[in-house]
Structures are given as C-alpha cells and as structure tokens.
Amino acid sequence: MPSDRSSREKFFSSKRDRELLGQLRLDDVPRHVAIIMDGNGRWAAKRGLPRAAGHRAGVKAVRETLSAAIELGIDYLTVYSFSSENWRRPADEVNTLMGLFVEVLARELDSLQRLGIRVRVIGREDDVPSETMNAFRRTEMQTAGNGSLTFVVALNYGGRLEITDAVRGVVGEVMRGTLDPDAIDETTLTEHLYTAGIPDPDLLIRTSGEMRVSNFLLWQIAYSELWVTAILWPDFSRHDLLRAVIDYQRRDRRFGGTR
Ligand code: IPE
Ligand code: IPE
Ligand code: MG
C-alpha cells in the first residue's frame with residue numbers, strides 16, 4: 001500500500017521529483033525491488049577517501065531508499081550487502097563491513113521500528129562473524145511484527161550457493177522418506193531457497209553501470225525487469241528509485257507469452 005498522497009508529495013518535494021511523481025501509476029508499483037548496491041569503492045576513490053568511507057556513505061543511500069520504497073508502496077526491498085565472493089577482498093575491508101553491519105543495526109533500530117520495517121537476512125550463516133550474525137538475528141526478532149515493508153538483506157549470499165543449499169535440503173527430505181522424488185517440481189525448489197515465502201523480484205536495479213548479475217538471486221530473477229544506472233550506490237537517491245519504477249511501468253512484461 002502506498003502512503004497517502006500528502007505524505008508522498010512531502011517526501012518527493014523537489015521540482016524534478018514532483019514531475020516524475022505525476023507520471024507514476026500507483027496501481028502498478030513493483031511489489032518487490034532488489035538492488036545490487038555497487039560502486040561504494042569507486043565513490044570513495046573519486047574523493048581520495050578509503051573504501052570504508054564509501055561503504056559508510058552507502059548506508060545513507062540505503063536509508064533513503066527504504067523511506068522512498070515505503071512512500072511508493074513497495075512491499076519487499078532486497079539489497080545485496082555482501083556476496084559469498086566478497087570474502088576475496090582484503091581482510092580489513094571485510095572486517096570494516098562486518099563491523100559496520102553491527103553498528104548500523106544498533107543505531108537504526110528505532111528508525112526501523114518507527115517506519116514499520118521488518119528485517120530479514122538471507123545467505124549462508126557459516127563464516128559470518130557471530131557478532132554480525134547475532135545482530136541480524138536480534139533485529140529480525142525485534143522487527144518481526146512490523147508490516148509496512150520487508151527489508152531483505154543478502155549477507156554472505158550467493159545464488160549458486162543458495163541453489164546448492166536448496167538441493168541439499170530437498171535430497172535430505174528424499175533420504176528421510178518425507179518427499180517423493182517424482183513430486184519434485186519448481187515449487188519444491190522455490191520453497192527450499194533462502195527466500196522461501198518471498199515473491200520473486202519484479203525489478204532488479206544495479207548501480208555503478210556494471211552489466212552483470214554477480215551471482216545475485218539467480219533463480220528468482222528469471223523474469224525480473226533489469227534497470228542499470230551509472231550512478232554509484234552512495235549517490236543513489238529517492239529520485240533514482242522513482243525513475244527506475246517509472247521505467248519499469250513502461251515495460252511490457254510477457255513472461256514468455258504474447259500480449
Ligand atoms: C558495493 O560496492 C558494496 C559491496 C560489494 C560490499 P563495492 O565495494 O563493490 O564498490 P566498487 O565496485 O569497488 O566501486
Ligand atoms: C556485487 O558487487 C556484490 C554486492 C553488491 C554486495 P561486487 O562489486 O562484489 O561485484 P563484481 O565483483 O563487480 O561482479
Ligand atoms: Mg563492486
């Protein structure tokens with residue numbers, strides 16, 4: 001459900017946002033938007049700052065995007081915050097990120113509650129420092145009753161890893177005799193993914209101009225609309241989300257059929 005008109009107009013108050021708002025069809029807002037938040041490092045490098053400064057600036061963009069998503073009536077916002085391949089980065093960058101999650105979750109709890117945001121984490125728990133995992137689990141519990149938007153954070157997430165874990169789950173059930181192999185279909189797999197119960201993304205946004213998926217939600221994006229922008233993640237604003245949604249509304253989603 002989008003917020004009421006006056007709240008929306010107050011939030012999207014600049015002239016250029018108001019113009020876009022006039023083009024928005026409220027009955028066709030994507031239910032689930034997923035974002036590959038890329039370009040924090042380049043944002044920092046452009047300013048002669050350490051990569052960590054780019055990640056900190058990225059948090060601000062997440063906050064703004066969450067508020068904008070609520071105003072637009074988006075139900076699910078999924079962000080790629082750390083991939084299963086990002087462990088290849090220098091240890092100090094990995095440690096900075098793992099610490100930043102803990103710090104931000106503690107600092108933002110009040111605001112998450114005020115906005116009615118429910119947090120969920122997806123990814124493989126193994127390898128994530130326990131302090132970071134505990135902070136996410138705690139936030140999941142504290143926000144479990146919220147219903148304005150589900151904020152899905154992909155942490156130590158890899159699409160191939162997720163499908164592998166799903167297969168393990170399915171095979172385990174077959175071995176225990178609780179699942180008939182002949183009954184396995186696409187729904188069975190879907191129900192064993194980390195995203196079980198979450199609808200597939202309608203719109204996938206990637207910032208920083210890279211034209212690749214980088215192992216994000218491989219199964220779930222089969223029919224998602226893609227939107228790539230050269231904007232670096234820390235610079236992503238409410239205006240860009242609005243632009244992406246309006247572009248999405250101009251697409252002709254066919255799902256393999258005809259119109
Ligand atoms: C995205 O920004 C954030 C994470 C992957 C954690 P990057 O850190 O990948 O930034 P670039 O791509 O190096 O600019
Ligand atoms: C994807 O960005 C992962 C996240 C945004 C967390 P990367 O920066 O890791 O992707 P590649 O390496 O450019 O494909
Ligand atoms: Mg990157």
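Order of appearance sets the numbers: ligands from 1, and atoms from 1 within every ligand.
Ligand 1 has no atom lying under 4.0 Å from any heavy atom of Ser208.
Looking only at distances, a side-chain donor or acceptor of Thr178 sits under 3.5 Å from a matching main-chain atom of Glu173. At least one donor-acceptor pair closer than 3.5 Å links the side chain of Arg18 to the backbone N or O of Phe12. Remark: side-chain polar atoms of His55 are not paired, donor with acceptor, to backbone N or O of Leu97 under 3.5 angstrom.
A salt bridge does not link Arg16 with Glu19: none of the charged nitrogens is closer than 4.0 Å to a carboxylate oxygen. Here Glu225 does not pair with Arg250 in a salt bridge; the nearest charged N to carboxylate O distance is not below 4.0 Å. Electrostatic pairing of Arg238 and Asp17 does not count as a salt bridge here, judged by no charged N lying under 4.0 Å from a carboxylate O. Remark: Asp75 engages Arg31 in a salt bridge, criterion side-chain N to carboxylate O under 4.0 Å.
For ligand 2 and Arg206, the ligand atoms under 4.0 Å from any heavy atom of the residue are 2 (O), 10 (O), 11 (P), 13 (O), 14 (O). Residue contact check: Arg212 has heavy atoms under 4.0 Å from atoms 11 (P), 13 (O), 14 (O) of ligand 2. Close contacts of ligand 1 with Arg42, meaning ligand atoms under 4.0 Å from a residue heavy atom, involve 11 (P), 12 (O), 14 (O). Shown in contact with Phe82 at under 4.0 Å from a heavy atom are these atoms of ligand 2, numbered in order with element: 6 (C). Atoms of ligand 2 found under 4.0 Å from any heavy atom of Ser214 (numbered from 1 in listed order, with element): 10 (O), 11 (P), 14 (O).
Counting heavy-atom neighbours within 6.0 Å of Arg168 CZ, excluding the residue itself, gives a total of 12 or less. Annotation: Arg63, atom CZ; neighbour count of heavy atoms from other residues, nucleotides and ligands within 6.0 Å is above 12.
With 3.5 Å as the limit, one finds no donor-acceptor pair spanning the side chains of Glu64 and Ser237. For the residue pair Asp200 / Trp219, no side-chain donor-acceptor distance below 3.5 Å is found, with atom types taken as modelled. Side chains of Arg51 and Thr96: a donor-acceptor N/O pair is absent below 3.5 angstrom, by distance only. In summary, the side chains of Ser208 and Trp233 do not present any donor paired with an acceptor at a separation below 3.5 Å, with no hydrogens or angles considered.
Considering His55, Glu93, Met37, Lys46 only, the shortest heavy-atom separation from atom 1 (C) of ligand 1 involves Met37. Among Glu85, Arg89, Arg88, Glu210, the residue whose heavy atom sits closest to atom 7 (P) of ligand 2 is Arg89.
Excluding waters, the protein N/O/S atoms found under 2.8 Å from the Mg ion (ligand 3) are Asp38 OD1.
Among protein heavy atoms, atom 10 (O) of ligand 1 sits closest to Gly41 N, 2.9 Å. Closest to atom 2 (O) of ligand 1, if we only count protein heavy atoms, is Asn40 N, 3.2 Å. With respect to atom 6 (C) of ligand 2, the closest heavy atom belonging to the protein is Tyr80 O, 3.3 Å.
Looking at Gln113 and Thr143, their side chains come closer than 4.5 Å, going by heavy atoms from C-beta outward.
Not a single protein heavy atom sits closer than 4.0 Å to atom 12 (O) of ligand 2.
Residue Ser81 touches ligand 1 through its backbone alone, judged by heavy-atom distances below 4.0 Å. By the criterion of a heavy-atom distance under 4.0 Å, neither the backbone nor the side chain of Ala154 is placed next to ligand 2. With a heavy-atom cut-off of 4.0 Å, Asn86 touches ligand 1 through its side chain alone.
In terms of N/O distances under 3.5 Å, ligand 1 is not approached by Trp43.
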